[in-house]
Q: 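Structure incoming, see below.
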Number of protein chains: 4
Amino acid sequence: MRKSPQQQRSKQMVNTLLEATAKCIALRGLDNTSTPAIAEIAGVSVGSLYQYFDGKDALLAALLNKLALDVGTALKHIPAREGVTLRTLIEQAIDMGFSLLNSSDGLYLELVRNWHRLPTEQVADVLQQHFSETARMYFIKHFQQYPIVDLQVRLFIIINSTLFTMVRLASQQHESLLSEKSVRNGLVNMIVGYLEQG
Amino acid sequence: MRKSPQQQRSKQMVNTLLEATAKCIALRGLDNTSTPAIAEIAGVSVGSLYQYFDGKDALLAALLNKLALDVGTALKHIPAREGVTLRTLIEQAIDMGFSLLNSSDGLYLELVRNWHRLPTEQVADVLQQHFSETARMYFIKHFQQYPIVDLQVRLFIIINSTLFTMVRLASQQHESLLSEKSVRNGLVNMIVGYLEQG
Amino acid sequence: MRKSPQQQRSKQMVNTLLEATAKCIALRGLDNTSTPAIAEIAGVSVGSLYQYFDGKDALLAALLNKLALDVGTALKHIPAREGVTLRTLIEQAIDMGFSLLNSSDGLYLELVRNWHRLPTEQVADVLQQHFSETARMYFIKHFQQYPIVDLQVRLFIIINSTLFTMVRLASQQHESLLSEKSVRNGLVNMIVGYLEQG
Amino acid sequence: MRKSPQQQRSKQMVNTLLEATAKCIALRGLDNTSTPAIAEIAGVSVGSLYQYFDGKDALLAALLNKLALDVGTALKHIPAREGVTLRTLIEQAIDMGFSLLNSSDGLYLELVRNWHRLPTEQVADVLQQHFSETARMYFIKHFQQYPIVDLQVRLFIIINSTLFTMVRLASQQHESLLSEKSVRNGLVNMIVGYLEQG
DNA sequence: TATGAATGAGGCTTCATTCAT
DNA sequence: CATGAATGAAGCCTCATTCAT
């Protein structure tokens, strides 16, 4: 590990680099994202890059963490007011998912597609925790009469199903016969149905 | 295109190379699968590789086609006898999925993980058709009373959900808290529930 | 050296290979003329090629010899009847040059362009001798009153000047502002003028 | 295009590489001039080569441009004082030609030999323009009484004739029966004679 | 002899990383 | 700290030639 940033300039540099990484991935794809390319986009020398990050992987890891936090935050802002139905909640989550996948020039899309080549542990942790907690709280509040068994399993299934179905759709967007809306509704139906099963 | 094989030896070589490719992907991952690596595993010179395939991509494409055919064949052998329930059908498909993902040293796992970097068109075609047909026939036979609307959408969702949920599980197998069995059952429940919705 | 052809079949094979070589050079250029390519055009295996020729260079050398003989023969047929003027003689030679360069899909053009990479010694010999003899005889017959001094030098200059000027012109034919005719006439004038100098 | 050099070191490197390229071509011939060979002669890693040039072709193009400029400059320094005869002018040009061809270990020789495989457009431009202008000016100044018709054609013929005759001679120098001097004089006679023709 | 599959040296190029300035 | 030039291992591919059948 390099020194962690301790000064103003440092933090800015770190930020610049992370943004450049994001931009590069979005524009050129993960495969074409090289350290020189990142440095160039950041308007900084490769050397500097290595002052702040141990290398490509460290940079990616940092980017993922940052994004995970952002997403986590965004998720927390899905209003869980009193009386909101499960269906509504899920609709909102999925809509947010689609808008993330379509945002940032496809950054998230490219990242999820390549999840297995990325240092995703922490990301998974962050999101997993968020969803687990949210779900647990929701069910405790609303459905204590028929508590969900196997919550972990169901969450695992739902999250992966939704995420990758969305990614696959977004990946063929232009040439797809399926509309985003119909897939969204299908997913919602499937998930709600599943969660309401004894 | 290279000359197509014209002799006994040739067909064998093609096979050797495809197997080496498969082995290499399984053992070392797609990223570390290079033409030299393949040639070495095949016990053959790089030159030979290029006598039979136009390059790395052609080799991959050929491998995928072959595997798609194999899988297609395997799927056709899922017995669809009279009176088999939808649940059973799906259970069998999923079980087959898991056994494929766990077979061949993880070859299928690695391939599905990297789907977006592979020349998957034909593969998708083969499988898509199989599932579409099977599903259509099944529902025509059993459920004409409440015909499934949006079959394409539902299949898209189900297939991707299942596939990637399984892949994600298999990818963390050793360290996962979730058992294959529980995920399998969850998926089956979810899918059956979804398909039986009006 | 391989065995020299001693049988019918052999001679034919040699011929087929030489023609294939010529064709290949004309169509694909010397740089893209590989032994496999030649064998394929000849409809013969690479192995056979090596039965008859020691390799690429031997093949080229043989081709050049053959062509040199052909050209030599053609040159001999330029009618040197009584009373033909020097100018006419040269015009005919140049016209023949242009028609060779434009013939055979550009084979000669490509060969002359690449003269320095070819085993040209013998070719040069053949042609050199032809021209020397012709010239000597011509001048002895017609101009003994003012015999050309430095015949070797003059021939060297004339031949190379003409040849490469023609080749250069033919090489840019399509995009050239200069017409073949005007260059031809210019060459003739220059050469005749030069030869008639004391 | 690579980044253009921005520092002292860079310009030096560019130079080193161009010189190494020149050296390599001169010593080993164009065919044996490979990127590894150039890098080795330059005493530099292959990678460096690619920091400065897009590849072999770019390197060649750059070398040619540089040499064209050098030659252009040299030509401009052929003194065209008042009263210099056409013959003298041509003698000087040819002498300069010979000395170039014999210089740099035969670099120019090898380059001209391979003209048709080189990116020669700009080179041709530079030289063509020089000669056209010089010739035009010369004839306007001295011979307006009998203006040369077909100047373009004559220049084309003269330049190519001279150049390739010289190259051919230089290519067989050691084994030739012809002396440089005699060929030089022959060329001069031929050219002057040609240019003075109505 | 004829075949053509197999070889492997050699050419081109990229990019993560280091290090002298 | 910042810089960016330099490195070199590693990937991709071609083709002249050999050799088992």
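Each chain gets a letter, A, B and so on, in the order the sequences are listed, and its residues count up from 1. Keep in mind that this is a model prediction, so the values were computed, not measured.
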Q: Considering all heavy atoms of both residues, which atom of A:Leu17 and which atom of A:Ile38 are nearest to each other, and what is their separation?
A: O-CG2, 4.1 Å
Q: With respect to the phosphate group of E:dT14, does any side-chain polar atom (N or O) of D:Tyr50 fall under 4.0 Å of OP1 or OP2?
A: no
Q: Write down the atom of A:Leu49, the atom of A:Val44, and the distance for their closest heavy-atom approach.
A: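 Taking A:Leu49 first and A:Val44 second, the nearest heavy atoms are N-CG1, 4.4 Å.
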Q: Starting at CD of B:Gln51 and ending at C1' of F:dA16, how long is that distance when rounded to a whole Å?
A: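 About 12 Å, once rounded to whole Å.
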Q: Does A:Tyr52 put a side-chain nitrogen or oxygen below 4.0 Å from OP1 or OP2 of F:dA2?
A: yes
Q: Rounded to whole Å, please give me the gap between NZ in D:Lys56 and C1' in E:dC12.
A: 9 Å
Q: Please report the distance, rounded to the nearest Å, between CG in B:Leu59 and P in F:dC13.
A: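 Spelled out: CG on B:Leu59 to P on F:dC13 is 10 Å.
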Q: Considering only side-chain heavy atoms of A:Ser48, which listed nucleotide, E:dT3, F:dT3, F:dC13, is closest?
A: F:dT3
Q: Is it true that C:Asp57 and C:Arg117 make a salt bridge, defined as a side-chain N closer than 4.0 Å to a carboxylate O?
A: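 No.
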Q: Looking at C:Ala22 and C:Leu107, what are the two nearest heavy atoms and their distance?
A: O-CD1, 3.5 Å
Q: What pair of heavy atoms forms the shortest contact from A:Ala170 to A:Leu109, and how long is it?
A: CB-CD1, 3.6 Å
Q: Measure across C:Trp115 and D:Ser171 and return the closest heavy-atom pair with its distance rounded to 0.1 Å.
A: CZ2-OG, 4.0 Å
Q: Rounded to whole Å, how long is the line connecting atom CG of A:Leu49 with atom P of E:dT18?
A: 12 Å
Q: Tell me the closest heavy-atom pair linking A:Tyr50 and A:Gly55, and the distance in Å.
A: CE2-CA, 3.7 Å
Q: Nearest whole Å is fine: how far is E:dT18 C1' from A:Phe53 CZ?
A: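 So the two atoms are 19 Å apart, to the nearest Å.
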Q: Rounding to a whole Å, what distance do you find between B:Leu17:CG and E:dT7:P?
A: 10 Å
Q: Working to the nearest 0.5 Å, report the span between CG of D:Leu118 and CD of D:Glu110.
A: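 That separation rounds to 9.0 Å.
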Q: Are any of the side-chain heavy atoms of C:Tyr52 and C:Leu59 separated by less than 4.5 Å?
A: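 A side-chain contact under 4.5 Å is absent here.
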Q: Measure CD/D:Gln12 against P/E:dT21 and give the value in whole Å, please.
A: 13 Å
Q: Using Watson-Crick or G-U wobble pairs with both distances under 3.5 Å, give me DNA chain E in dot-bracket, 5' to 3', with [ ] for crossers and | for pairs to another strand.
A: .||||||||||||||||||||
Q: On DNA chain E, compare the nucleotides closest to C:Gly47 and D:Gly47; which residue's is nearer the 5' end?
A: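 Final value for this comparison: C:Gly47.
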Q: Near DNA chain F, which residues from residues 19-45 of chain D have a heavy atom under 4.0 Å away?
A: D:Val44, D:Ser45
